[in-house]
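These notes concern the structure reproduced below.
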Amino acid sequence: MPLVPTADLLHAAVGRRTGLAAFNVIQLETAEALVDAAEQTGLPVILQLSQNAVAYHGALEPIAAATLALAAESTAHVAVHLDHAEDEELARRAVEAGFGSVMFDGSTLDYDRNVAATIRVVEHAHANDVLVEAELGEIGGKDGAHAPGVRTDPDEARRFVAETGVDALAVAVGSSHAMTERTAALDLELIARLRHAVPVPLVLHGSSGVADETIEQAIRAGITKVNVSTHLNRFYTDAIRGYLDAHPEAVDPRKYIGEGRTAVTAEAARLMTLFDVASRDAAGRVEAGHR
Ligand code: G3H
Ligand code: ZN
């Protein structure tokens, strides 16, 4: 199936009032694992490459080309997104490389600078039919630099979306990046107010720190795109660690990295099914009708 525009997946999810999984690609095997999860579940997925992951690889184009090729060759609905770009030039290159969406993260800038930089990214992206996600109100914990107590103000969010023309908005509602315990408390009432205040889909970042039940509540309150990275990295690393502990003689990376890839597929599939609250509700209605 050809690469799916992120806008198509987001708008379909909003229409169904359901969640949409957005998982971070670290290297080729995680991208393969995530595409496998989409094919196994029959659910759509966004593969996202962060500016940090691009820096790890030393360049955008090779890892982007691999991710775009996997998405385009999959039988599932897969979109490719640039995550947390603070560098405007990187956002432009992702648009030109064929990404379906870019996140410009000006959240560390003051309001006026964030607006001005986001507008520049939006103008270039929209000229190429690419969707833009932006962030207002720092989501705590990124690189350990931000306080987790920050919240997005609904009135400011409405104004920011109107001024910039962004198509999706990452909001600070209690989650914090890179948590390894799923203990974050989300402000569900704030999510509902933001949902009414802004006309574009809302994005939850730092979802690794949020328990299953709370993620489901957040989707029902108005979150559409759910970003997860650290949680899946933990499954990947734990599986590799387990394999190497059990096989100290191992030298072939395909053996242990393959274990990590299999573990990520299983957990990504479980999360995608969890986020799809609409299908669960529909199944519940059918079951109730049969009683
Ligand atoms: O943009 C990516 C996400 O916000 C991932 O955050 O690693 O805490 O799940 P996480
Ligand atoms: Zn994030």
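Read the numbers this way: they start at 1 and go in the same order the structure lists the ligands and their atoms. The shown structure was predicted, so the numbers you read here are calculated from the model rather than taken from an experiment.
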Any heavy atom of His84 closer to ligand 1 than 4.0 angstrom? yes
Considering the heavy atoms of Ser229, write down every atom of ligand 1 situated less than 4.0 Å from one of them. 5 (C), 7 (O), 9 (O), 10 (P)
When you measure from the side chain of Thr30 to the backbone N and O of Ile26, does any donor-acceptor pair fall under 3.5 Å? yes
Below 4.0 Å from any atom of ligand 1, is there a heavy atom belonging to Ser207? yes
What protein heavy atom sits nearest atom 1 (O) of ligand 1, and how far away is it? Asp83 OD2, 2.7 Å
Quick one: look up the protein heavy atom nearest atom 8 (O) of ligand 1 and list residue, atom name and how far away it is. Ala178 N, 2.7 Å
Contact check: His231 vs ligand 1, nitrogen or oxygen atoms, below 3.5 angstrom: no
Among all the protein's non-hydrogen atoms, which is closest to atom 3 (C) of ligand 1, and how far away is it? Asn227 CB, 3.4 Å
Can you report which non-hydrogen protein atom sits closest to atom 7 (O) of ligand 1, along with the distance? Thr230 OG1, 2.5 Å
With a 4.5 Å heavy-atom cut-off, do Leu232 and Glu267 have their side chains touching? yes
For Val228, the ligand 1 atoms with a heavy-atom partner under 4.0 Å come out as 9 (O)
Sub-3.5 Å donor-acceptor pair from the side chain of Asp36 to the main-chain atoms of Thr262, do we have one? no
Parallel, tilted or perpendicular: rings of Phe235 and His231 (30°, 60°): tilted
Per residue His205, nearest N, O or S atom to the Zn ion (ligand 2) is named ND1
Between Thr118 and Thr164: side-chain donor-acceptor atoms closer than 3.5 Å: no
Please say whether Gly206 places an N or O atom under 3.5 Å from an N or O atom belonging to ligand 1. yes
Give the residue, atom name and distance (to 0.1 Å) of the protein heavy atom nearest atom 9 (O) of ligand 1. Ser208 OG, 2.5 Å
Output yes when a side-chain donor or acceptor of Ser207 lies under 3.5 Å from a complementary backbone atom of Asn227, and no otherwise. yes
Less than 3.5 Å between some nitrogen or oxygen of Asn24 and one of ligand 1, yes or no? no
Do Asp212 and Glu216 come within less than 4.5 Å of each other through their side chains, counting heavy atoms only? no
Is it the case that Glu133 and His205 place a side-chain donor and acceptor less than 3.5 Å from each other? yes
In terms of the angle between their ring planes, are Phe275 and Phe23 parallel, tilted or perpendicular, with boundaries placed at 30° and 60°? tilted
